[in-house]
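A short worksheet on the structure shown next.
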Amino acid sequence: MYTLRALPHRPGGRSLRRPPGARTAAAAAVLALLAVTGCSAVDGLAPSGALPALPAFSNPVIPGLWTPNRMADAVSADIPVADGLGEDAGATDPEPAPVPAAPEKTPYARNAAVVGKLFFDTPEGPSVCSGTVVEDPANPGASGLVWTAGHCVHAGAGGTWFRNIVFVPSYNNDALTGDARRNAGESQVAPLGTWWADAAETSPEWAAEGAPTGGAGAPFDFAVLHVKAPQGRGGSLEEATGEAASVRFDAPSATRIGAMAAWGYPAAPPFDGERMFSCQDRPGRLSVRDDQPPLYRIGCTMTGGSSGGGWFAEGPDGSVALVSNTSIGPADNVWLAGPRLGARAKSVYEAVSGSGSPRS
């Protein structure tokens, strides 16, 4: 289990009581963004609908590839969408006021244990995103699953899977910067190790429609990875972090949500990709196509590199769950938007659940 730490109340939204992965002295309770009521699937696909086949995912381990210095050199491949995207299509609410990103408390392994950084190679070079450790129903207490954005693992229309995908939980645990970060060893940069993905799934909509500009495919821009333990380390990712976030696939429209919070490692200026931040705001709706579900949108100044980071919200019973992930944002970095998870997202999740070995 995990907890969200107390966050300051932000005008126009309800305050979530805790941040992702924060542990209390008494006991860990439950874990990016809300007060939630039930709703039907938002993408029109029956929960049992089969996923169209994607090319086989292959990600062989290359020992020693992701050194601390190579991680520091990886940059965000995100391309901001045009300002005002979607204002003339479907259900779109007024653009939110920017919410300054707040730095996460260190050490991250204690205060935001489920959040980490994703590294991968694209044709243009090494790149970065963010991700969240999530529960695996097939392996209770021993999950190896990571939730992220589709564009962090697959190039979208006309492309295929990226290469050398790894997840680093609690990356740069003490938020080192400058020379201290450059001189840091693996135990400081990757305190729980570097976990290579051995299975992945994204939506067929992202694979068919996803594009680096314009928001195409954003309503289905989600992915799930299964990662395996570093050589010489036993156990699962959840056992290493001590926590995993639950995922909710029936969160309601933004009009019925009081607050959402997003976490990630923004890497484009003015951020450096070495520190974890979060934003909390009352969500609105953003439509990129009127025949697809609107995205959630919040005010937030996080930049590229925060893509794939989890968005969390509180349900009717007071528990907090992942309900979206960062997908797109504008060139002026005043808001972020993420997909509303429904039946398609659940199918992607179930396709990867159970990929690892059952807990002994």
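FYI, side chains are in, hydrogens and waters are out, and symmetry mates aren't considered; it's all heavy atoms of this structure.
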Under 3.5 Å: donor-acceptor pair, side chain of [X], backbone of [Y]:
X: Ser306; Y: Pro266; result: no
X: Arg340; Y: Ala251; result: yes
X: Lys117; Y: Gly273; result: yes
X: Gln188; Y: Gly185; result: yes
X: Asn59; Y: Ala197; result: yes
X: Thr303; Y: Ala268; result: yes
X: Ser287; Y: Ala91; result: yes
X: Thr106; Y: Ala175; result: no
X: Arg289; Y: Pro219; result: no
X: Thr241; Y: Leu237; result: yes

Whether [X] and [Y] hold their rings parallel, tilted or perpendicular, with breakpoints at 30° and 60°:
X: Tyr349; Y: Trp147; answer: tilted
X: His154; Y: Trp161; answer: perpendicular
X: Tyr265; Y: Tyr108; answer: perpendicular

Inset, instruction - Would you check, one step at a time, whether the test side-chain contact (heavy atoms from CB on, under 4.5 Å) holds for Thr92 with Arg297? - result: CA-CA 9 Å; Thr92 292; Arg297 180 166 63 167; 4.0 Å; yes

If you look at every heavy atom in [X] and [Y], which pair is closest and at what distance?
X: Arg285; Y: Pro294; answer: CB-CB, 4.2 Å
X: Ala208; Y: Ala157; answer: O-CB, 3.2 Å
X: Ala149; Y: Ala223; answer: O-CB, 3.8 Å
X: Glu274; Y: Ala72; answer: OE2-CA, 3.9 Å
X: Phe222; Y: Ala345; answer: CE1-CA, 3.4 Å
X: Gly299; Y: Cys279; answer: O-CB, 4.1 Å

Point-to-point distance, once rounded to the nearest 0.5 Å, from [atom1] of [X] to [atom2] of [Y]:
X: Ser143; Y: His226; atom1: OG; atom2: NE2; value: 7.0 Å
X: Asn139; Y: Ser353; atom1: CG; atom2: OG; value: 7.0 Å
X: Asp221; Y: Glu205; atom1: CG; atom2: CD; value: 11.5 Å
X: Leu65; Y: Trp196; atom1: CG; atom2: CH2; value: 5.0 Å
X: Trp66; Y: Ile165; atom1: CH2; atom2: CD1; value: 10.0 Å
X: Cys300; Y: Trp311; atom1: SG; atom2: CH2; value: 8.0 Å

Inset, instruction - List the steps, then state whether side-chain contact (heavy atoms from CB on, under 4.5 Å) holds for Val61 with Gln231. - result: CA-CA 10 Å; Val61 175; Gln231 186 174 11; over 6 Å; no

Any [X] side-chain heavy atom under 4.5 Å of [Y] side chain:
X: Leu176; Y: Asn183; value: no
X: Asp272; Y: Arg181; value: no
X: Pro169; Y: Trp195; value: yes
X: Leu286; Y: Trp335; value: yes
X: Asp136; Y: Glu238; value: no
X: Leu54; Y: Thr202; value: yes
X: Phe167; Y: Val133; value: yes
X: Met276; Y: Ser170; value: no

Taking [Y] as the starting point, is it possible to reach [X] by hopping between hydrophobic residues whose side chains are less than 4.5 Å apart?
X: Leu192; Y: Leu225; value: no
X: Val75; Y: Val166; value: no
X: Ile328; Y: Trp206; value: no

Inset, instruction - Check salt bridge (Lys or Arg N to Asp or Glu O under 4.0 Å) between Arg163 and all other residues, then give those that pass, not counting sequence neighbours. - result: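 Result, salt bridge (Lys or Arg N to Asp or Glu O under 4.0 Å) vs Arg163: none returned.
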
Legend entry - Any residue meeting salt bridge (Lys or Arg N to Asp or Glu O under 4.0 Å) with Arg182, in chain and number order, not counting sequence neighbours: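 Residues passing salt bridge (Lys or Arg N to Asp or Glu O under 4.0 Å) with Arg182: Asp73.
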
Legend entry - side-chain contact (heavy atoms from CB on, under 4.5 Å) between Ser130 and Trp263, intermediate numbers included: CA-CA 8 Å; Ser130 302; Trp263 274 262; over 6 Å; no

Inset, instruction - Check the surroundings of atom CD in Glu186: do more than 12 heavy atoms from other residues, nucleotides or ligands lie under 6.0 Å from it? - result: no

Inset, instruction - Give a yes or no on this: more than 12 heavy atoms of other residues, nucleotides or ligands lie within 6.0 Å of atom CG of Asp179. - result: no

Inset, instruction - Dump the intermediate steps for side-chain contact (heavy atoms from CB on, under 4.5 Å) on Asp121 and Arg70, then the final yes or no. - result: CA-CA 11 Å; Asp121 280 320; Arg70 193 167 193 263; 3.0 Å; yes

Legend entry - Pair Asn333-Thr301, side-chain donor/acceptor within less than 3.5 Å: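 No pair is found: no donor N or O on one side chain lies under 3.5 Å from an acceptor on the other.
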
Legend entry - Short side-chain donor-acceptor distance under 3.5 Å, Thr67 and Asn69: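 Checked: Asn69/Thr67 side chains show no N/O donor-acceptor pair below 3.5 Å.
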
